[in-house]
Participant: 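The structure follows.
These figures come from a predicted structure and were not determined experimentally. Chain A is the first sequence line, chain B the second, and so forth, proteins listed ahead of strands; every chain is numbered from 1.
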Amino acid sequence: MSDIDSLGLNPSQKEAVLYLDGPCLVLAGAGSGKTRVITQKIAYLINQCGYEARSIIALTFTNKAAKEMVERVNHIVDKKSSKGLTVCTFHALGVRFLRQEAKNLNLKDNFSILDSTDAGQIIQEMLATTDKVRIRVIQQQISLWKNDLLGPDDIVPTTPDEKEAQRVYRNYEATLKAYQSVDFDDLIRLPVLLMRANEEVKERWQKRIKYLLVDEYQDTNVCQYEWVKLLTGWHQKFTAVGDDDQAIYAWRGATIENLAKLTQDYSNLKIIKLEQNYRSVETVLNAANKVISNNPNLFQKTLWSTLGKGEPIQVISMENEEAEAETVGMRISAAHFNKKAQWKDFAVLYRGNHQARIFEQAFRQLRIPYSISGGQSFFDKAEIRDILAYMRLIANDDDDPAFIRAVTTPRRGVGQTTLTHLGEFAVSKKCSLFGAIFEPEIIEIIAERQLKPLMVFAQFIQGIQERAAKPVEQQSAAELLDELMAYIRYEDYLYEHHDDRAAQARWQNVLDLIEWLKRKAQDDDMRFIDLVQHIALITMLERNEQEEEQDAVTLSTLHASKGLEFPYVHMVGVEEGLLPHMGKEDEYGDPNKDNEELYVQRIQEERRLMYVGITRAQYELTLTWCKKRKKAREELIREPSRFIAEMGLEDKQQKLSDPFKGMSAKERLAQLKQMIKPV
DNA sequence: GGTCCATCACTTTTT
DNA sequence: GTGATGGACC
């Protein structure tokens, strides 16, 4: 058993770990060791306070964070004592909760989880449009309502758009029910609704959970906060860790007001601030503190460190984005050789994903290895969705979207007409498309010739279904996967529809998926059916284990960089319009018009984004901005971001301009060679 | 009626 | 670079 004094915690961290008398809020500045506090607190609860591991739950927002936390806990708590400990995302706990309580919600316990693409398709059909913007707006509105715990009937629409969204919302809910499916928001919302409505369920969960820890508390939405309150109930034993200055997800429903609410709802709330930063040098921290001091603050925090003064922050103006990409590339290349730093010590951070492309180009040319964080998710690729549709259908044959996708990909003689007839028939019978195939009257609706392929398909799925729920000892998931893949003949399909190169790439993705699934099933002793139910929550991060540790420069959006740190950081495109980002005035608010409030809040969130970016840097930070930038077909004249002025740098730092300005490509390379000192 | 090319408009994104 | 739209043409 480890002595708490020997853990090397600073006084505030120690206080946060030891405090158990009631609800506790830890305000953890960037780089102040918050993961450390959470993991040490879990260890303390188990090792010193006699808590059973299974009565402790730690919630995170991403799989990545959960995984990291599990690893760190396993480091300090022996395997036996930590058995049964729950460290997972809000959504994963939601799934577990719903599977267990499904019957109380009139839901099959094998319900499907629709991701936002699936949900978007349902909404697309309801709106009968292909206008992506419109679909996204409505979908987002519904999601925001759900996150605010508002049902269709709670909404009083004030605009035609809201009225439309309300109509779709109602429809959408009915459709999900028919599909025996839930969306991501439901994974939190339904548990809340059930715990509110059902005393027995509420008490059972409150008894089960003896201590709750919440990471990134500033990113919680109304619904998640409500759930935390319900789960901890009367005993109020929880620790929330967060940083209001790093709240950058208001646009998807997160509300910083949850921090203020915590102080209101719990008069006995203990607030502990972590202000010592273990990451960055003073120049970086000073700039960060200055920028964020322009935001109103519920809790005043000032970061400090003992890592020394550090290099001055550099601000470089560029002619255009090509020059920016090339110059940043050359600076990184030069620094890599001169400082003998590894590639992975560098990061380029930007506001929008589209900014990545030009850096990729430049880096390829300069032979700089890079890896892009984010981008299209592995699970969003068509070939992956195709295979998963089969698996979803096997798990839940009420899942109509999965049925349609699986039965038509690859083509097996079931066309649009057959599907339309089947659909109408299913509606009249109040059953799923899959179920409709087995209704006796189907022969009156669909002719023998069209029915045959449907029957063959459905019977195959049923055959797999039967065995998919058998215990692992009797039926391995791997075997069923192989059988399924043999039936689909997906490789042939790929080569018929794509050229060889593309087909090969896509097939490789499928092989990766299958291999990953088999390993997962093996490692965690899962039945086929368990496997399916886990997939919806997995992102590519978990898949990336092997590829993770490569020596490459990180290209990342500011959002995706939260929680990471790098010795050398370039923040690029630090311009008015990009950071702070401005959209169309009518949508986002005009500073001069009546929606000033909205505008002010948007700027504040952008400022927090700037703060997140600055605080990623450990030793050196460089900001760049372009005087000109192409947007669509226009070339826009740009101004440096107001946030640069807010950093309060000395004049000379701001006047640096592109060292490669006006040079030809050849001259630039010569210059680069000169910059790299001979070893 | 279907296909092809020009034109336009483009946050952030985990689960 | 992408993906959707719309007009022109077959």
Side-chain angles (χ1 to χ4, degrees), chain A residues 59-67 88-96 98 113-120 124 129-137 139-140 143-144 146-147 182-191 215-216 219-221 223-224 227 246-254 321 349-361 372-380 533-542 556-563 573 575 577-584 587-588 602-603 605-610 612-613 629-634 636:
Chain A
L59 294 177
T60 64
F61 275 84
T62 62
N63 288 315
K64 191 179 161 197
K67 205 179 135 202
C88 67
T89 62
F90 269 94
H91 294 83
L93 184 67
V95 175
R96 208 184 295 175
L98 289 181
I113 301 164
L114 302 187
D115 65 24
S116 32
T117 315
D118 300 316
Q124 171 168 10
T129 174
T130 52
D131 182 346
K132 279 203 163 158
V133 177
R134 182 147 183 78
I135 295 165
R136 206 186 56 212
V137 167
Q139 189 179 1
Q140 197 159 288
S143 173
L144 288 175
K146 283 190 166 192
N147 290 158
V182 301
D183 62 20
F184 282 134
D185 301 320
D186 287 340
L187 294 176
I188 324 279
R189 191 180 68 115
L190 294 178
D215 189 22
E216 305 279 13
D219 287 337
T220 53
N221 56 41
C223 194
Q224 283 158 332
W227 205 27
Q246 291 186 72
I248 51 175
Y249 287 111
W251 52 273
R252 61 183 204 212
E321 63 259 54
L349 307 180
Y350 37 80
R351 176 64 232 252
N353 262 322
H354 62 276
Q355 287 171 266
R357 185 167 292 122
I358 192 149
F359 282 91
E360 281 190 83
Q361 256 171 33
I372 292 194
S373 79
Q376 194 199 21
S377 159
F378 180 71
F379 287 86
D380 263 350
Q533 299 181 341
H534 276 262
I535 299 168
L537 294 178
I538 295 157
T539 65
M540 67 186 293
L541 289 165
E542 212 177 321
S556 170
T557 61
L558 287 163
H559 282 91
S561 76
K562 193 163 78 157
E575 298 150 32
L578 242 188
L579 183 66
H581 186 271
M582 311 266 202
K584 286 180 227 115
E587 238 181 282
Y588 295 119
R602 279 181 43 74
I603 294 294
E605 179 147 320
E606 297 291 311
R607 187 174 283 117
R608 292 191 289 268
L609 203 48
M610 179 81 189
V612 166
R629 184 178 291 273
K630 280 194 265 310
K631 193 181 178 185
R633 243 160 313 291
E634 284 172 297
L636 300 173

Participant: With the stacking rule set at 5.5 Å and 30°, tell me whether A:Trp251 counts as stacking on B:dT12.
Facilitator: yes
Participant: If you assign A:His91 and A:Glu606 each to the DNA chain B nucleotide with the nearest heavy atom, which residue ends up on the more 5' nucleotide?
Facilitator: A:Glu606
Participant: If you measure from CD on A:Gln224 to CG on A:Asp185, what distance do you get to the nearest 0.5 Å?
Facilitator: 9.0 Å
Participant: Roughly how far, to the nearest 0.5 Å, is CE of A:Met610 from CD1 of A:Ile248?
Facilitator: 13.5 Å
Participant: Between atom CG in A:Asn147 and atom C1' in B:dT14, what is the gap in whole Å?
Facilitator: 12 Å
Participant: Which of these, A:Lys562, A:Arg252, A:Gln246, sits in a side chain to side chain donor-acceptor pair (under 3.5 Å) with A:Asp219?
Facilitator: A:Lys562
Participant: I'd like to check the salt bridge (charged side-chain N to carboxylate O under 4.0 Å, His left out) partners of A:Asp183; sequence neighbours left out, ordered by chain and number.
Facilitator: A:Lys146
Participant: I need the NZ-P distance between A:Lys630 and B:dC10, as an integer number of Å.
Facilitator: 19 Å
Participant: Looking at A:Thr557, I'd like to know whether one of its side-chain N or O atoms comes within less than 4.0 Å of OP1 or OP2 on B:dT13.
Facilitator: yes
Participant: In whole angstrom, what separates A:Arg134's CZ from B:dC10's C1'?
Facilitator: 18 Å
Participant: Please give, in whole Å, the distance from B:dT12 P to A:Arg608 CZ?
Facilitator: 18 Å
Participant: Roughly, in whole Å, what's the span from CD in A:Gln140 to C1' in B:dT14?
Facilitator: 13 Å
Participant: Using only side-chain N and O atoms of A:Asn353, determine if any of them is under 4.0 Å from OP1 or OP2 of B:dT13.
Facilitator: yes
Participant: Mind calculating the distance between OH (A:Tyr249) and P (B:dT11) to the nearest angstrom?
Facilitator: 17 Å
Participant: Take atom CD of A:Glu575 and atom P of B:dT11, then tell me their distance rounded to the nearest Å.
Facilitator: 16 Å
Participant: Return the nearest nucleotide to the side chain of A:Arg252; candidates are B:dT14, B:dT11, B:dT12.
Facilitator: B:dT14
Participant: Between atom CD1 in A:Ile603 and atom C1' in B:dT12, what is the gap in whole Å?
Facilitator: 14 Å
Participant: Does any non-hydrogen side-chain atom of A:Leu609 lie less than 4.5 Å from one of A:His559?
Facilitator: yes
Participant: Identify all pairs in which a protein N or O lies below 3.5 Å from an N or O of nucleotides 1-3 of chain C, and state each distance.
Facilitator:
| unit_1 | atom_1 | unit_2 | atom_2 | d |
| --- | --- | --- | --- | --- |
| C:dG1 | O4' | A:Arg357 | NE | 3.4 |
| C:dG1 | O4' | A:Arg357 | NH1 | 3.0 |

Participant: Sequence neighbours left out, what passes ring pair (Phe, Tyr, Trp, His ring centres under 6.0 Å) with A:Phe61? Give chain and number order.
Facilitator: A:Phe90
Participant: Using the aromatic ring of A:His581 (for Trp, its six-membered ring), decide whether it stacks on the base of B:dT11 within the limits of 5.5 Å and 30°.
Facilitator: yes
Participant: Got a salt bridge between A:Arg608 and A:Glu605, using NZ or NE/NH1/NH2 to carboxylate O under 4.0 Å?
Facilitator: yes
